[in-house]
Amino acid sequence: MARAAVVDGPANAPSPGATGGGASRRNLFNGSMGRNIGLVLALVVLCVVGYATAGENFASVNNVLTILRMAAVIGVLSIGMTFVITAGGIDLSVGSVMGLATVWASTLATQTMAADTHWIVMVGVALAVGTVCGLINGVIIAYGKVVAFMATLAMMVGARGLAEMISNRQTQRVTEVDAFLDFFRADLIGIPVLVWMFAVVAVAGWFLLNRTTFGRRTVAVGGNPEAARLAGIKVKRHTMYLYGLVGLTAGIAAVMMLARTTAGTSTNGLFYELDVIAAVVVGGTLLVGGRGTIVGTVLGVLIFTTLTNVFTQNNMSSSAQNVAKGVIIVVAVLLQQRFASRSRSD
């Protein structure tokens with residue numbers, strides 16, 4: 001039986017035939033609005049805990065901006081991952097592709113070219129590297145018929161190895177292009193440019209998923225690829241585009257990482273794919289495909305970033321952080337299964 005394809009938006013509103021306040025409320029809290037309300041409440045609880053345990057240090061403007069700055073890179077990667085998982089795929093290579101893009105964009109040759117022309121050259125190189133790696137994944141998965149898990153696992157290992165070869169396992173500092181750092185490390189009305197970039201990518205992702213034919217096709221492919229094919233959607237080509245999209249977001253994240261750390265290294269993005277997938281799943285996107293939510297993804301990223309900050313403020317170990325994240329992921333998946341079974345029973 002085909003899975004229902006769902007995105008945030010009018011499609012999740014109560015049906016006209018639903019009557020009675022109880023039915024309306026049940027539909028509301030079972031849909032995307034209910035999931036997002038739950039995520040907001042979880043975020044509020046984390047903030048309350050943070051304020052209760054760390055006081056003004058947690059509630060300060062500088063700390064809030066720190067949380068947002070930390071969330072920006074993972075957030076951009078998560079927006080791209082949302083599209084792939086909504087379509088029933090997975091990409092384990094986003095962290096490695098981002099690391100490769102930071103290395104390639106910070107080589108001496110690239111920096112020299114950017115210094116002689118414009119810093120946009122570094123941005124273009126990072127975006128090109130990320131997009132090409134994503135398209136390679138897409139071609140192998142869609143046309144080579146390789147399982148997404150294995151194809152992106154190969155890219156994860158290969159991209160990390162290529163980054164080590166290019167950099168000779170050394171850290172490459174951005175020293176030749178001060179204008180690049182000046183632009184991306186600046187503030188706009190008191191908010192870092194990196195945070196604005198995350199916001200722009202999130203808004204663009206929401207619009208693309210919920211208000212365009214591309215988004216509807218993505219949900220359809222994730223809900224039932226065969227039905228989507230029979231409906232006239234070129235599933236293979238669309239799949240290739242989706243992996244190209246997540247590669248593009250990896251390139252954007254690479255630019256942000258370069259600006260934040262001023263360094264290109266093969267260790268950039270190490271294990272980021274785990275945090276990205278966790279944020280997307282906790283946000284409410286189904287791992288089996290057919291339902292995606294950009295708003296939920298943003299909230300998932302903020303929840304994990306705030307959790308990390310609360311633990312850091314209280315000098316708790318990274319091991320405890322990982323245990324807490326693991327519990328959150330398990331609970332999120334169990335809730336997904338519960339809602340999915342409830343939808344089938346209804």
Side-chain angles (χ1 to χ4, degrees), residues 8 29-54 57-83 85-86 94-95 191-192 194-195 197-199 201-203 205-206 209 249 253 256 269 271-287 291-314 316-339:
D8 289 338
F29 288 101
N30 282 348
S32 62
M33 181 66 73
R35 290 189 298 272
N36 291 338
I37 289 174
L39 292 170
V40 170
L41 289 177
L43 183 59
V44 170
V45 169
L46 278 176
C47 291
V48 170
V49 171
Y51 183 76
T53 56
N57 289 332
F58 177 82
S60 66
V61 174
N62 285 337
N63 189 58
V64 172
L65 292 178
T66 297
I67 292 174
L68 294 176
R69 198 178 292 111
M70 289 172 56
V73 174
I74 292 291
V76 168
L77 289 171
S78 299
I79 298 301
M81 184 69 78
T82 301
F83 282 85
I85 294 181
T86 299
V94 288
I191 300 175
L194 298 185
V195 177
M197 291 176 67
F198 175 31
V201 171
V203 171
W206 180 90
L209 183 62
T249 58
M256 299 167 71
F271 301 128
Y272 272 28
E273 56 276 354
L274 303 181
D275 290 336
V276 168
I277 294 171
V280 173
V281 173
V282 168
T285 297
L286 288 179
L287 269 174
R291 186 181 77 200
T293 162
I294 298 296
V295 174
T297 293
V298 171
L299 291 173
V301 170
L302 292 177
I303 285 173
F304 277 118
T305 308
T306 304
L307 178 68
T308 299
N309 186 264
V310 170
F311 275 69
T312 302
Q313 291 282 342
N314 289 279
M316 300 183 72
S317 68
S318 59
S319 299
Q321 294 181 36
N322 292 334
V323 170
K325 288 180 179 180
V327 171
I328 292 173
I329 294 169
V330 170
V331 171
V333 173
L334 289 175
L335 288 175
Q336 281 195 4
Q337 293 177 345
R338 179 182 178 185
F339 284 126

Can you tell me how far the [atom1] atom of [X] sits from the [atom2] atom of [Y], to the nearest 0.5 Å?
X	Y	atom1	atom2	value
Thr86	Ile294	OG1	CD1	7.0 Å
Thr66	Asn309	OG1	CG	7.0 Å
Leu41	Leu299	CG	CG	10.5 Å
Thr297	Ile85	OG1	CD1	8.0 Å
Leu46	Thr305	CG	OG1	10.5 Å
Ile277	Thr82	CD1	OG1	11.0 Å

Q | Derivation and outcome, side-chain contact (heavy atoms from CB on, under 4.5 Å), residues Ile79 and Val298 | A | CA-CA 8 Å; Ile79 298 301; Val298 171; 4.2 Å; yes
Check whether any side-chain heavy atom of [X] lies under 4.5 Å from a side-chain heavy atom of [Y], and answer yes or no.
X	Y	answer
Phe304	Asp275	no
Val195	Leu65	no
Ile67	Phe58	yes
Pro192	Leu68	no
Asn63	Asn57	no

Q) Quick one: does Asn314's side chain have a donor or acceptor within less than 3.5 Å of a partner on Val310's backbone? A)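 Flag set: sc Asn314 to bb Val310 pair under 3.5 Å.
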Q.
Taking Thr285's backbone N and O only, do any of them form a donor-acceptor pair with Thr293's side chain (distance below 3.5 Å, no angle check)?
A.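 Not confirmed, Thr293 side chain does not pair with Thr285 backbone.
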Exercise: identify the closest heavy-atom pair between [X] and [Y]:
X	Y	result
Arg291	Gly284	NH2-O, 2.8 Å
Ala59	Val64	O-CG2, 4.4 Å
Phe311	Ala324	CZ-CB, 3.8 Å
Ala279	Val301	CB-CG2, 3.7 Å

Q: Would you check, one step at a time, whether the test side-chain contact (heavy atoms from CB on, under 4.5 Å) holds for Leu194 with Val73?
A: CA-CA 8 Å; Leu194 298 185; Val73 174; 5.7 Å; no
Q: Check side-chain hydrogen bond (donor to acceptor under 3.5 Å, both in side chains) between Thr249 and all other residues, then give those that pass, not counting sequence neighbours.
A: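 Applying side-chain hydrogen bond (donor to acceptor under 3.5 Å, both in side chains) to Thr249 gives none.
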Q.
If you apply the rule side-chain contact (heavy atoms from CB on, under 4.5 Å), what do you find for Val94 with Tyr272, and how did you get there?
A. CA-CA 7 Å; Val94 288; Tyr272 272 28; 5.6 Å; no
